[in-house]
> 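Could you have a look at this structure, given as structure tokens, before my questions?
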Amino acid sequence: MEGGGVEGVTRVLLVDDSPVDRKVVELVLGSNTFAGSFHVIAVDSAKKAMEFLGLKDGKEQAVDMVLTDYCMPEMTGYDLLKAIKAMSPLKPIPVVVMSSENEPQRISRCLKAGAEDYIVKPLQSKDVPRLRSCSYAKPKDPPCSTVSKSADHIAAVDGTSSSLRRRAHLTDIAMVLHSSSAGLSHYFPFLFKFILLVYAILCVGELLHRWSNGCFLSYLR
């Protein structure tokens, strides 16, 4: 079954019993970054997803991928995954499983059953390229590998620039401290002489004070 939506727009059937988690996915996929790239059809149970996909009456709906929660009442996302993969073994609908549990056994179980990917909730912007790579629709944005390489290159450049700026800043500080210490060392002899002079004046003043007091007392006698 091929995607029958507008070219470049990924039609996502979102299956999750949590209204909050459904809203998070809709906000992420509908954000300005991915505006117009996704069309989300949300249902709150695996049974409703099966009805929408036509797994019960044989009338298939055109979607580019199914994004389903793992833990749901009555029928789990894992059961829905197996039903979708059994519907069209030659070219089944891509299915991505979401779960708040990052359990290796659960991940392995879903991948073995045919899931294209497993994403830990909540869905984030960084997970979206993974969804696009799993869908039928051709992305309007650049391929994930190109985006990743560009992002990595920008991050590396930014990191290098920041490192160079920090090094330059530290070098400037070191130069200021060095010049300050050099300037202070030039004044150390004068400072030492000044301290000695002040000390000598204080000693002379103390002696004069004592002498004057002694003379005054002898005069009273």
Side-chain angles (χ1 to χ4, degrees), residues 1-19 21-31 33-72 75-100 102 106-148:
M1 177 179 64
E2 298 292 341
V6 180
E7 183 178 357
V9 178
T10 302
R11 299 188 65 193
V12 180
L13 176 60
L14 172 62
V15 189
D16 201 318
D17 62 314
S18 169
D21 289 338
R22 290 199 303 272
K23 190 63 177 178
V24 169
V25 173
E26 290 174 349
L27 288 174
V28 171
L29 298 184
S31 64
T33 306
F34 310 105
S37 297
F38 293 91
H39 175 65
V40 180
I41 305 102
V43 294
D44 58 8
S45 70
K47 289 185 177 181
K48 289 183 180 179
M50 290 181 65
E51 293 175 358
F52 179 85
L53 293 172
L55 297 182
K56 289 186 176 181
D57 55 18
K59 296 179 181 179
E60 299 179 0
Q61 293 288 336
V63 295
D64 298 303
M65 66 176 301
V66 175
L67 181 60
T68 179
D69 183 27
Y70 183 91
C71 294
M72 292 185 291
M75 183 178 184
T76 67
Y78 178 73
D79 294 330
L80 176 62
L81 166 65
K82 292 192 297 181
I84 291 174
K85 295 303 178 179
M87 178 185 69
S88 180
L90 296 179
K91 195 171 184 180
I93 304 171
V95 179
V96 175
V97 179
M98 294 189 302
S99 176
S100 56
N102 190 11
R106 180 177 295 182
I107 297 173
S108 176
R109 185 186 186 196
C110 292
L111 295 178
K112 286 180 179 179
E116 271 64 34
D117 205 343
Y118 182 102
I119 294 176
V120 179
K121 288 184 176 182
L123 183 73
Q124 302 178 49
S125 296
K126 64 182 180 64
D127 299 319
V128 176
R130 293 165 59 183
L131 296 182
R132 294 304 302 262
S133 66
C134 297
S135 69
Y136 279 144
K138 295 180 180 180
K140 291 192 297 183
D141 49 302
C144 300
S145 58
T146 303
V147 173
S148 300

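Reckoned from all heavy atoms, side chains included, excluding hydrogens, waters and symmetry mates.
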> Hey, mind stepping through Leu67 and Val25 against side-chain contact (heavy atoms from CB on, under 4.5 Å) and telling me if it holds?
CA-CA 10 Å; Leu67 181 60; Val25 173; 3.8 Å; yes
> Determine the minimum heavy-atom distance between Val9 and Gly36, stating which atoms define it.
CG2-O, 3.3 Å
> Holding to side chain to side chain donor-acceptor pair (under 3.5 Å), I want the full list of residues that pass it with Asp44, two or more places apart in sequence or in another chain.
Lys48
> Out of curiosity, Asp69 CG to Ile119 CD1, how far, rounded to the nearest 0.5 Å?
12.0 Å
> Output, in order, the C-alpha distance, side-chain angles, deciding distance and verdict of side-chain contact (heavy atoms from CB on, under 4.5 Å) for Arg106 and Tyr78.
CA-CA 9 Å; Arg106 180 177 295 182; Tyr78 178 73; over 6 Å; no
> Holding to side chain to side chain donor-acceptor pair (under 3.5 Å), I want the full list of residues that pass it with Ser45, two or more places apart in sequence or in another chain.
none
> When rounded to the nearest 0.5 angstrom, what distance separates CD1 in Ile84 from CE in Met50?
8.5 Å
> Which residue is it: Leu53, Thr68, Ile41? I am looking for the one with a side chain to side chain contact (heavy atoms under 4.5 Å, CB included) to Val15.
Thr68
> Quick check: closest heavy atoms across Val120 and Ser100, and the distance to 0.1 Å?
CG1-O, 4.3 Å
> Check each of Lys121, Arg22, Lys23 against Asp16 using the side chain to side chain donor-acceptor pair (under 3.5 Å) test, and report the only one that passes.
Lys121
> Can you see which heavy atom on Ser99 is nearest to which on Tyr70, and at what distance?
CB-CB, 3.9 Å
> For the residue pair Met98 and Leu14, establish whether any side-chain heavy-atom pair is separated by less than 4.5 Å.
yes
> Identify the two heavy atoms, one from Met72 and one from Ala46, that lie closest to each other, and give their separation to 0.1 Å.
CE-CB, 4.0 Å
> To the nearest 0.5 Å, what is the distance between CZ (Arg132) and CG (Asp127)?
14.5 Å
> How far apart are the closest heavy atoms of Ala49 and Leu80, and which atoms are they?
CB-CD2, 3.9 Å
> Checking the side chain of Lys82 only, and the main-chain atoms of Gly77 only, is there a donor and an acceptor separated by less than 3.5 Å?
no
> side-chain contact (heavy atoms from CB on, under 4.5 Å), that's the test. Do Glu116 and Met65 meet it? Break it down for me.
CA-CA 10 Å; Glu116 271 64 34; Met65 66 176 301; over 6 Å; no
> Rounded to the nearest 0.5 Å, what separation is found between the CG atom of Leu13 and the CD1 atom of Ile93?
8.0 Å
> Considering non-hydrogen atoms only, spot the tightest contact between Ala42 and Glu26 and give its length.
CB-OE2, 3.5 Å
> Please report the interatomic distance CG(Leu123) to CG(Leu29), rounded to the nearest 0.5 Å.
6.0 Å
> Can you list everything that forms a side chain to side chain donor-acceptor pair (under 3.5 Å) with Asn102? Sequence neighbours excluded, please.
none
